[in-house]
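Notes to accompany the following structure.
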Amino acid sequence: MKIVSSKWGPLAYELNAAGKLTALEFTTHEPTEEAPEWLRDLMLRVEQTGFQEADREHVEMKGTSFQQDVWDALLTIPYGETRTYKQIAEQIGRPKAVRAVGQALNRNPLPILFPCHRVIGSSGKLVGFAGGLSEKQRLLEFEMKK
């Protein structure tokens with residue numbers, strides 16, 4: 001994985017043999033290089049207008065059809081807003097699969113682009129985030145300031 005700096009902090013990313021983005025995640029390691037222009041452009045576009053269908057040409061996410069449904073549901077959460085695990089489960093037509101939604105979010109290989117930090121517990125509390133709850137809080141606060 002290559003480590004680059006971003007406005008969210010250091011990010012690790014990985015490309016497959018076809019040059020598609022297969023991982024983009026938070027890291028505590030120091031950046032080793034600048035993010036390539038195409039990656040900076042992609043992240044800026046996603047922040048401004050959300051992940052678009054045309055952006056799929058740049059990424060490859062491997063997962064089950066259930067995981068894909070959960071990850072796609074993340075794209076419907078507007079910037080600066082949240083949804084609960086239960087709401088996501090209901091949205092994808094699997095209302096009893098709340099825990100499975102959490103597991104799918106934990107396996108999200110592109111959490112910057114498919115914003116799993118926007119999913120919270122039914123009580124409104126921050127729960128479950130691979131990058132840690134303090135990172136989840138930081139990201140939500142960052143979005144709400146815009």
Side-chain angles (χ1 to χ4, degrees), residues 1-94 97-121 126-146:
M1 288 205 150
K2 295 182 178 183
I3 315 269
V4 297
S5 60
S6 79
K7 67 184 193 178
W8 300 288
L11 299 174
Y13 78 94
E14 192 170 297
L15 304 176
N16 65 12
K20 292 191 176 208
L21 190 63
T22 58
L24 179 64
E25 56 198 38
F26 300 101
T27 184
T28 57
H29 295 84
E30 290 296 316
T32 56
E33 58 189 76
E34 288 295 316
E37 186 175 349
W38 67 266
L39 181 57
R40 288 193 311 266
D41 291 346
L42 177 62
M43 289 190 297
L44 181 62
R45 233 181 10 261
V46 167
E47 180 183 350
Q48 292 175 344
T49 61
F51 192 87
Q52 304 296 313
E53 198 58 39
D55 294 322
R56 289 191 188 272
E57 72 180 82
H58 302 289
V59 303
E60 183 175 311
M61 293 178 72
K62 293 190 180 200
T64 66
S65 61
F66 177 82
Q67 289 169 330
Q68 296 285 342
D69 289 346
V70 171
W71 299 334
D72 285 345
L74 297 174
L75 300 176
T76 68
I77 307 171
Y79 191 87
E81 293 185 22
T82 59
R83 299 292 182 272
T84 66
Y85 292 90
K86 181 177 170 109
Q87 287 172 315
I88 297 296
E90 290 170 346
Q91 180 178 339
I92 64 169
R94 302 279 302 273
V98 175
R99 286 182 185 233
V101 166
Q103 291 170 346
L105 295 180
N106 189 46
R107 289 179 175 79
N108 177 1
L110 301 171
I112 304 296
L113 304 179
F114 290 74
C116 52
H117 65 276
R118 295 181 189 156
V119 182
I120 61 173
L126 300 185
V127 294
F129 188 63
L133 294 182
S134 61
E135 186 66 19
K136 187 173 194 168
Q137 179 69 41
R138 186 180 73 82
L139 290 168
L140 290 172
E141 287 173 357
F142 181 84
E143 287 188 8
M144 290 178 188
K145 287 180 184 175
K146 278 201 123 188

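Predicted model only: the values in this text are computed from it and were never measured.
- Of all heavy-atom pairs spanning Trp71 and Arg107, the tightest one is CZ2-O, 3.4 Å.
- A side chain to side chain contact (heavy atoms under 4.5 Å, CB included) with Val4 is found for exactly one of Leu11, Leu24, Thr27, namely Leu11.
- Contact annotation: the side chain of Met61 approaches that of Asn108 to within less than 4.5 Å [non-hydrogen atoms, C-beta and beyond].
- To the nearest 0.5 Å, the span separating CD1 on Ile112 from NE2 on His117 amounts to 8.0 Å.
- Side chain of Thr32 to backbone of Ile3: a donor-acceptor contact under 3.5 angstrom is found.
- Closest approach of Glu60 and Asn16 over heavy atoms only: OE1-ND2, 3.0 Å.
- Listed for the Asp55 side chain is a donor-acceptor partner under 3.5 Å among the backbone atoms of Gln52.
- Looking at Ser6 and Tyr13, their side chains never come closer than 4.5 Å, going by heavy atoms from C-beta outward.
- Separating the CZ atom in Arg94 from the CZ atom in Phe66 is a distance of 5.0 Å, to the nearest 0.5 Å.
- Between Phe51 and Phe114, the ring planes lie tilted relative to each other; the angle falls in the 30° to 60° range.
- Heavy-atom minimum distance, Lys20 versus Arg56: NZ-O, 4.3 Å.
- For Asp41, the side chain to side chain donor-acceptor pair (under 3.5 Å) criterion is met by no residue, not counting sequence neighbours.
- Atom CD of Gln91 sits about 7.5 Å away from atom CD1 of Ile77, to the nearest 0.5 Å.
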#### Entry: From CA spacing to verdict: side-chain contact (heavy atoms from CB on, under 4.5 Å), Asn106, Gln103
CA-CA 5 Å; Asn106 189 46; Gln103 291 170 346; 5.5 Å; no

### Message
side-chain contact (heavy atoms from CB on, under 4.5 Å) for Thr22 and Glu14? Distances and angles first, verdict last.
### Response
CA-CA 6 Å; Thr22 58; Glu14 192 170 297; 3.9 Å; yes

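- For the pair Ala97 and Ala89, the tightest heavy-atom approach, listed with the atom from each and the gap, is C-CB, 4.1 Å.
- Within 6.0 Å of CD on Glu57 lie more than 12 heavy atoms contributed by other residues, nucleotides or ligands.
- Here the closest heavy-atom approach between residue Val101 and residue Ile88 is recorded as CG1-CG2, 3.8 Å.
- More than 12 non-hydrogen atoms from other residues, nucleotides or ligands lie less than 6.0 angstrom from CD of Glu33.
- In this structure, the separation between CE on Met43 and CG on Leu21 is 9.0 Å, given to the nearest 0.5 Å.
- Atom CZ of Arg45 has more than 12 heavy atoms from other residues, nucleotides or ligands within 6.0 Å.
- Separation of atoms CD (Glu81) and OG1 (Thr76) is listed at 10.0 Å; rounding is to 0.5 Å.
- Distance check, rounded to the nearest 0.5 Å: CG of Leu42 to NE2 of His58 gives 6.0 Å.
- Taking 4.5 Å as the limit, some side-chain heavy atom of Met1 sits within range of a side-chain heavy atom of Glu25.
- Summarising the geometry of Gly63 relative to Gln68, their closest heavy-atom pair is N-NE2, 3.5 Å, with the distance given to 0.1 Å.
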